[in-house]
Amino acid sequence: MSFSALGLSAPLLQALAERNYLSPTPIQAAAIPAILRGGDVWASAQTGSGKTAAFTLPLLQTLAASPRGRGRFVRALILVPTRELAAQITEAIQAYGRHLPGADSFKTLVVTGGVSINPQMMALSGGADIIVATPGRLLDLVDHNAVSLSSVATLVLDEADRLFSLGFADELARVIALLPARRQNLLFSATFPPAVWTLAENLLDNPTRIKMPAAPTDTPDIQQRAFEIDAPLRTQLLRNLIELNGWTRVLVFVATKYTTEHVAEKLRRAGIDAAALHGELSQGARTQALADFKASRVRVLVATDVASRGIDIASLPVVVNYDLPRSPADYVHRIGRTGRAGESGVAVSFISAETDAHFRLIEKRNRLVIVREQLPGLEPAETIVPAPPSTGGIKGKGKSKKDKLREAAGLPPTTPSAGSKNTNTPPPAEEPKEYFSWSPRLPPRRR
Ligand code: AMP
């Protein structure tokens, strides 16, 4: 299968050839013709599957062939959960569209938070062909009367599941209510929790449904490992694994901003170049941390989920779940950072007595069984007691030695209860509530 067989125009084919894309990925082969036909599309696709080109190529072709609006027109809106993803999509649009007629005057604007709003307001005054936006900043601009969404002909929701899990449900509903009823809708999501199903059912009109082989958990190229470790010794384990395995580029996921900085600092003190990436850094500092990591000036990037979402780093061999992800779906997203474009990768999870039940839930939901390992010299002192398998749910949690002693002495356990504010402890072993609690307040679709 070639790109030209998908109906793409010569200027786009030229840009693809320059990027050395020889043939379409499966999602591209399925989505590009469907999007060019003008209908709605509902695609399940992971980051790394080539989904960005799957929607940007046909979008560019359609926009190049249709007339521009006047004033503060916006022809296409791409909504994404994070700034980094917005930046990557914009780069892709610029690269793919560079040979299209009128490319010089084609306007793609990034509308995300973390930077001053004024330049964005000014840039929007002449309208835009494509806006790539996070929902919050887009609504700020709407509230400032800086943009009108009434002429949007195509809406793309990229990583829709993350839009929900990052808490954008209300903003999403508000943005959608501002769009014209007649438009093309393209929905891409790695996973389909109930909120995304409900959204898809309300938003899409007779969509072409594209299902790609599910999660990267099914991909043989990602080796998944799990190490049992006492929580306070995780940085030590991380250091040892980096050194023992000679890992040159490691993305480490942690739960909080504080932990990103704490772990990065401890690694630096041990002579391992490390940087922190979290949502409260300035946009400049985030871009710098990413650039250093991509250019191998930094060996370890310690990041929160929000900050790292959508990061496209070619050749990322190792991801480490220092803190476990909140949900089974987030686990899939995280490990999907590695093993991309046919390369092999390793995904390592750290498990303590505290987080064992949560990890079992992740395994169960993703239909995985991952062998537990221990690093000699760093064996956990706290006991991990597997939950009884028969009950269907996963409820049990091991008592630590300390707690057993305290119990014998008639004292309450030291272990924090589920949901308590311990930064090392993931939330209770259930999927995040926001997946289930959202009911869309969308206007009815008309065509
Ligand atoms: P995405 O899933 O959109 O994040 O894309 C993952 C990576 O694959 C990006 O680095 C793209 O530049 C690259 N890519 C996308 N489509 C192709 C293709 N047809 N051939 C080779 N690489 C591609």
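Ligands are counted one by one from 1 in listed order, and the atoms in each one are counted from 1 as well. Note that these values count all heavy atoms, side chains included, but never hydrogens, waters or copies made by symmetry.
Using a non-hydrogen distance threshold of 4.0 Å, Arg19 registers as a contact of ligand 1.
Among the atoms of Thr52, some N or O lies under 3.5 angstrom from an N or O of ligand 1.
Residues forming a side-chain contact (heavy atoms from CB on, under 4.5 Å) with Ser349 (at least two apart in sequence, or on another chain): Asn321, Leu324, Tyr331, Phe359. Remark: Thr90 pairs with no residue by the side-chain hydrogen bond (donor to acceptor under 3.5 Å, both in side chains) rule, at least two apart or across chains.
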Verdict with supporting geometry, Asp356 and Arg360, salt bridge (Lys or Arg N to Asp or Glu O under 4.0 Å): CA-CA 6 Å; Asp356 183 63; Arg360 282 176 196 282; 2.9 Å; yes

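Of the charged side-chain nitrogens involved, at least one lies within less than 4.0 Å of a carboxylate oxygen, so that Arg268 and Glu265 count as a salt-bridged pair.
For ligand 1, the atoms sitting less than 4.0 Å from at least one non-hydrogen atom of Phe3 are 19 (N), numbered in the order shown with element in parentheses.
The option from Ala53, Ser23, Ala54, Ser49 that lies nearest to atom 19 (N) of ligand 1, judged by heavy atoms, is Ser23.
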